[in-house]
Amino acid sequence: MNKMKVLSLVLVILFAAGEIFAGGGSRNGTAGATQLLIPVGARGVAMSGATLVGATGVEGLYWNPANIASGEYSTSVMFSHMQHIADINVEYGAVATNIEGFGSIGLSIKSLGIDEIPITTVQNPDGTGQNFKPSFMILGLTYARMLSDRISVGLTANVVSERIDLVSATGLAFNLGVSYKNLGNVDGLSFAVVLKNLGPQMKYDGTGLNVKAISTDLSRPTQWYKVEAAAFELPSTLELGFGYNYKFNESNAFVLNGVFQNSNFYGDEYKFGAEYGYNNLFFIRAGYALLEGVGDDGNIFGLTAGAGINYDLGGVGFKFDYAYRETKFFDNNHVFTVQLGL
């Protein structure tokens with residue numbers, strides 16, 4: 001019965017994806033709310049996002065909501081900081097907990113730190129002396145449940161908020177994920193499918209869209225008119241991931257992951273990541289992503305790498321991870337993440 005349930009869920013996800021991406025070519029480059037695509041967590045970034053099956057517990061809130069049901073700890077918290085492109089900092093905090101007999105729930109918040117920007121006008125192209133500070137924030141609520149000892153499902157609802165000076169937009173985006181461990185009874189082989197950023201179009205509104213103008217037929221005096229902003233799509237993606245965890249012995253383990261990502265606003269992406277772990281204490285990671293149909297300069301991100309430690313502090317699990325991501329045209333990205341588990 002559980003196999004039939006997961007098969008039905010996968011078919012529903014793939015059918016929904018077919019409807020969403022059927023007209024993807026006509027929407028390329030038009031999606032908004034792209035802060036939804038900025039990754040979080042040093043482990044996932046170090047493996048170029050190829051962590052649909054390996055990111056569990058609170059770490060899975062961004063990558064695959066189904067995986068918070070299979071975390072190592074009953075309750076875990078995570079804090080992450082990324083030095084992103086164009087002097088933008090990405091701050092992320094999350095908590096996930098398992099409630100016996102109910103399932104697992106998680107809360108997350110992601111915000112972009114952007115410096116103040118001078119206000120310019122036609123009359124004052126060098127600036128008016130005033131500044132504004134953009135605000136981009138995502139609040140997420142996740143529920144996940146184990147259908148069996150191998151199969152888990154999860155759903156995330158994200159509230160997306162954007163504000164730029166006197167205009168703002170708010171939207172709702174959903175993520176749906178399914179994970180299957182020990183696929184085909186092969187120990188260590190896992191599969192996952194995730195549909196991300198599904199939701200209605202977003203649209204900017206606010207007093208910043210008001211403009212003073214004169215009617216073309218001079219039937220009315222100068223007055224304020226409101227510009228109607230165009231609606232925009234969310235950056236929806238369909239991701240299929242495989243992973244294999246091989247243990248050489250009690251102290252040495254190796255993880256190899258791969259992800260195929262289809263998007264409604266750019267070309268297909270292939271992600272590959274690997275991790276070596278010693279004694280479940282020290283880890284080194286690396287990854288690379290290939291992006292189709294964007295040319296040599298379309299994919300600004302290159303090789304990724306990182307390391308991490310996992311240590312027991314008297315009953316409290318402590319993890320610290322670091323990731324480096326090579327970046328064209330901008331400074332390279334650096335990500336720092338701390339996790340605590342009980």
Side-chain angles (χ1 to χ4, degrees), residues 31-51 54-55 58-63 76-95 107-118 131-140 158 160-164 196-197 235 237 257 259 261 266 269 271-275 282-291 294 296-310 318-340:
T34 53
Q35 72 269 23
L36 287 164
L37 299 175
I38 299 176
V40 295
R43 182 176 182 270
V45 173
M47 299 175 70
S48 286
T51 52
V58 68
E59 184 187 356
L61 283 173
Y62 172 80
W63 302 104
S76 52
V77 295
M78 172 178 170
F79 305 95
S80 181
H81 167 79
M82 172 191 281
Q83 296 175 3
H84 197 40
I85 62 175
D87 296 324
I88 297 174
N89 291 322
V90 182
E91 313 297 342
Y92 180 80
V95 58
L107 296 171
S108 63
I109 180 171
K110 177 168 67 174
S111 65
L112 306 189
I114 303 174
D115 291 337
E116 290 187 341
I117 299 174
N131 300 315
F132 72 94
K133 187 176 179 64
S135 173
F136 295 83
M137 185 175 296
I138 301 171
L139 299 174
N158 285 316
V160 184
S161 174
E162 301 183 1
R163 175 174 291 276
I164 303 176
K196 292 182 179 179
N197 307 327
T237 62
N257 290 344
V259 169
Q261 177 179 296
Y266 61 38
E269 193 167 0
K271 305 175 183 179
F272 305 94
E275 176 186 71
F282 176 73
F283 303 87
I284 56 175
R285 308 172 180 111
Y288 189 72
L290 300 172
L291 185 59
V294 296
D296 293 337
D297 295 333
N299 183 14
I300 67 171
F301 300 114
L303 290 171
T304 60
I309 58 171
N310 179 24
F318 172 80
K319 295 182 180 180
F320 175 79
D321 297 300
Y322 165 76
Y324 164 88
R325 181 164 65 168
E326 184 182 30
T327 308
K328 296 179 182 178
F329 314 121
F330 300 96
D331 291 338
N332 296 320
N333 295 172
H334 300 275
V335 190
F336 305 87
T337 301
V338 173
Q339 291 188 54
L340 299 174

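As the structure is a computational prediction, the values presented were derived from the model and not from experiment.
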Point to revise | Worked check of side-chain contact (heavy atoms from CB on, under 4.5 Å) between Glu162 and Ile164 | key: CA-CA 7 Å; Glu162 301 183 1; Ile164 303 176; 5.6 Å; no
Has the side chain of [X] got a donor or acceptor atom that lies under 3.5 Å from a matching backbone atom of [Y]?
{"X": "Asn257", "Y": "Ala50", "result": "yes"}
{"X": "Lys110", "Y": "Phe136", "result": "no"}
{"X": "Asn197", "Y": "Pro235", "result": "yes"}

[Y] and [X], any side-chain heavy atoms less than 4.5 Å apart:
{"X": "Glu91", "Y": "Met137", "result": "no"}
{"X": "Lys319", "Y": "Ser76", "result": "no"}
{"X": "Asn333", "Y": "Ile85", "result": "yes"}
{"X": "Thr237", "Y": "Glu269", "result": "no"}
{"X": "Ile309", "Y": "Phe283", "result": "no"}
{"X": "Met47", "Y": "Thr304", "result": "no"}
{"X": "Val45", "Y": "Thr337", "result": "no"}

Check your understanding: Above 12 or not: heavy atoms from other molecules or residues under 6.0 Å from CG of Asp87?
Key -> no
Review point. Hey, is CG on Asp331 packed in by over 12 heavy atoms from elsewhere, all under 6.0 Å?
Key: no
What is the distance from atom [atom1] of [X] to atom [atom2] of [Y], rounded to the nearest 0.5 Å?
{"X": "Ile300", "Y": "Thr327", "atom1": "CD1", "atom2": "OG1", "answer": "6.0 Å"}
{"X": "Ile138", "Y": "Ser108", "atom1": "CD1", "atom2": "OG", "answer": "8.5 Å"}
{"X": "Glu59", "Y": "Gln339", "atom1": "CD", "atom2": "CD", "answer": "5.5 Å"}
{"X": "Phe301", "Y": "Asn332", "atom1": "CZ", "atom2": "CG", "answer": "10.0 Å"}
{"X": "Asn89", "Y": "Met82", "atom1": "CG", "atom2": "CE", "answer": "10.5 Å"}

For [X] against [Y], the heavy-atom pair lying closest together:
{"X": "Gly41", "Y": "Met78", "value": "CA-CE, 3.4 Å"}
{"X": "Phe320", "Y": "Val338", "value": "CD1-CG2, 3.8 Å"}
{"X": "Ala46", "Y": "Arg285", "value": "CB-CB, 4.0 Å"}
{"X": "Val335", "Y": "Ser80", "value": "CG1-OG, 3.7 Å"}
{"X": "Leu37", "Y": "Tyr62", "value": "O-OH, 3.1 Å"}
{"X": "Ser48", "Y": "Tyr288", "value": "OG-N, 2.9 Å"}

Exercise for review: Check the side chains of Tyr266 and Gln261 for a donor-acceptor pair under 3.5 angstrom, ignoring hydrogens and angles.
Suggested key: yes
Practice item. List the steps, then state whether side-chain contact (heavy atoms from CB on, under 4.5 Å) holds for Val259 with Trp63. Key: CA-CA 11 Å; Val259 169; Trp63 302 104; over 6 Å; no
Point to revise | Candidates Ile88, Val90, Val160 - the one meeting side-chain contact (heavy atoms from CB on, under 4.5 Å) with Gln35 | key: Val160
Practice item. State whether Glu116 and Lys133 are salt-bridged, where the test is any N-O pair (Lys NZ or Arg NE/NH1/NH2 against Asp/Glu carboxylate O) under 4.0 Å. Key: no
Point to revise | Whether Phe336 and Tyr322 hold their rings parallel, tilted or perpendicular, with breakpoints at 30° and 60° | key: tilted
